[in-house]
Amino acid sequence: MRGAAGDKIVIGYDLGNSFSQISYAYLSQDSEVETLSCVAGEEHYNIPTLLCKRQGTGQWFFGREALRFAQEEPQEAIVVEDLVELAIAGEQVLIDGESYEPVALLTLFMKRSLGLLSLVSAPERIVAMMITSRKLDSVLIGVLNRTVTGLGLGYTRVYYQSYEESFYDYMLYQPGDLWAFQTVLFDYREDGIHSMRLECNKRTTPIVAFVYQCLYPFDGERCLPDISGLGGDRVAQLDQQLLEVARQECGKGTVSAVYLIGESFAEEWMPQSLQYLCRGRRVFQGVNLYSKGAVYCLLDKHFGSKAGKEHVFLGGDKLKYNIGMEVLRQGQESYYALLDAGENWYESEYNCQFYVRKTAPIGLVITPLIDGNVARVSLTLGELPQEHEFSQEDELAYCEFSRIGMKLYMEGEKQLCVELEDLGFGEIRPATELTWRQRVICGDGRAEESRGGFAPVMVCVGDYAKEPYVLPKLGVRVYCMEELCYCLKENAFLLDGSVMNDELLDFIRRDCQLPGLTQVLYPMVHQQGALSGFVSQILTYVGLYDPETVSQVEETLRAGSGLSDLEKQKLQTDHLVEQKRYEEALRSYEGLLARIRENQEMEVPALQALTADILHNQGVVYARQMLYGRAAQLFLQAWKTGGGTEYFSDYLAAKRMELPERDYVALAAEYPDRYRESLELEQAVEAIGQDFLETPEYRRLRQLRVRREDGELAEYREETDRLLQTLKNEYRKRTGGRRVAAERG
């Protein structure tokens, strides 16, 4: 079909070191693929890949024009051949006394050759170009990237693929009977005959196609444009050699069709070979299969084809592994695809973000498409910041979650590179700028891991907002649903009905792009639904927490309904104590006491009871840090403020741990009316002592004592040092590694 002058076109560029070709098609489903001819009205498709400079001037020729000038003006002509090999080598080329970048020379040739397209379309109408070459590697791809940049093709999309894939794409658009079985291609080149054998594994879905390649080097003449200068015996010998090549390739299975590529294939010198090849097979001869196959690939990318949807090609340049992660998607286990088999490995790249809540390894799942076992590979994040690494003033800095940015790309057919970056957790925990880079060899048996042992990776739910939402009363700015869930859960003790508002609904719908969740929440906001149900719906939908944690948050919200802000904050601080976040808890308790002293609205008995509870819980924190003197003072204040047997009992227990036995007995005697409490304390201490005798720790201590008595002092000191260090680390962890508590005491 001939296109109109304004029609868009796609082109296939066969870039060879000796010659190149250009095929094209108008962007239409019924378009025919044509190949540009260097000579109008004739089938001269090969464009010699060379340049020629007129000596002493800036005049350059390319292709056939360059050859013609070199023949007509040999004294003025400076011929530059092997442009592709020169560009790959990368060394400067000296021409007419001046050095040239080899990539610039290749760019000049391609730009001049692409100018031939002006006969069929304007350059701005080229929407895509596929460059196909014998073999693609990282060096040639780098050369092509620089060349394409120099071509200045504007918005034209440029792709690369190998000859074997162009062969596959060409066959996709041929009648099915031609590749019902194997298809063989023989490509006559200067270094020998290159064979390609296309096979399809129809037992897989989709059908996997392979191309097996082999080179049969020449013995004697490098190429045969004509045989007029050869004797009959030599021609017969060449025919026999080709026949042996044909038998080797066609003898490996049933062959439906054979393609002979190259001008050197001619019926005059290969009668025996042709007779064998045509026996039960269709045989085709031509020169432009690769450039046409490149065009067919672009048409398939744009329109799709039935055959293309049913097949996947796994050539040498194709990624042969599906790479993904096992993740939690809204709380449900799921597989998250990252890189798909069948794509060109040099074009395979993926960027994503996800959340982790531990520093255990992240697991990649690598599944080979051909053969081999599924491998689970660890990606180590290293140590993300821990709680004690943040300053005591920064109460919101510590967070168990981290948003991780990940980039995956291939550096080779099997070489996967993974780059990870800690993005923090919004304004709740700033990014650390920590990055990790890891290389993985796909298909390496050493990479196999057992299932499990990986950190729970959570897929982001909704978009990350450009502008934050500020939670009422809390004043915390959140940018995504995960940050919102964290704040709702961690501050459940402080939440009230003000959280349920239209501004939050707008943030979820517009900024996070979750209209479905908004529809569920809307009636709760406008029909005075329960706060516990509203928060639970958000937490369950996002799946950041397990169902048990969501239930605990619901219970906290129900229990907190009707409580004052001071009472809610006290419950929240108690929760910090249970999490062993002692320094945060002490600061929060001090703030509460300051607010109570300023509060004149609550009744005095309620203030006294709340104050007593806070003082008592402060004492519990100091007691857990073995600061018994300070703990005893607070227990005594709690008892004097609010009364209560529990407070006095804890006071006695703290003094029992602090004082020598004689001093403690004297202290207990000062409270004769509390004899029952002191007696119960002694009974409890005795019971605890008896229980300790049955613990593994006590048995370990006995073993250490025996070692010391037996003279094994080195082993004794080593084990006791290890035990003491463990206790010190645990103590530092609980106290935040600071001496604030001791100084307060």
In Å and rounded to the nearest 0.5 Å, what is the [atom1] to [atom2] distance from [X] to [Y]?
X: D14; Y: S133; atom1: CG; atom2: OG; result: 7.5 Å
X: C480; Y: R403; atom1: SG; atom2: CZ; result: 6.5 Å
X: D463; Y: I508; atom1: CG; atom2: CD1; result: 13.0 Å

Regarding [X] and [Y], is there a side-chain donor-to-acceptor distance under 3.5 Å anywhere?
X: D506; Y: Y469; value: no
X: Y479; Y: E427; value: yes
X: S166; Y: D169; value: no
X: S138; Y: E411; value: no

Flag if over 12 foreign heavy atoms under 6.0 Å of [atom1], [X]:
X: R203; atom1: CZ; result: no
X: R134; atom1: CZ; result: yes
X: K135; atom1: NZ; result: no
X: Y350; atom1: OH; result: yes
X: Y409; atom1: OH; result: yes

[Y] and [X] aromatic ring geometry - parallel, tilted or perpendicular at 30°/60° bounds:
X: Y259; Y: F284; answer: parallel
X: Y168; Y: W179; answer: perpendicular
X: Y290; Y: Y163; answer: parallel
X: Y173; Y: Y296; answer: parallel

If the test is side-chain contact (heavy atoms from CB on, under 4.5 Å), which one of I441, N373, V440 qualifies with I366?
V440
Of T540, L544, V461, which meets side-chain contact (heavy atoms from CB on, under 4.5 Å) against Q330?
V461
Is [Y] close to [X] at the side-chain level, that is, under 4.5 Å between some pair of heavy atoms?
X: E199; Y: N201; answer: no
X: F534; Y: L504; answer: yes
X: M129; Y: L151; answer: yes

Does R429 make a cation-pi contact with Y486, if we ask for NZ or CZ under 6.0 Å from the ring centre and within 45° of the axis?
no
Row check, Y159 ring normal vs K301 NZ/CZ: under 6.0 Å, within 45°
yes
Examine distances only and state if a side-chain atom of Q513 and a backbone atom of R510 form a donor-acceptor pair shorter than 3.5 Å.
yes
Does S31 reach the main-chain N or O of L27 with its side chain, forming a donor-acceptor pair under 3.5 Å?
no
Single hit among E164, E343, E165 for salt bridge (charged side-chain N to carboxylate O under 4.0 Å, His left out) with K318
E165
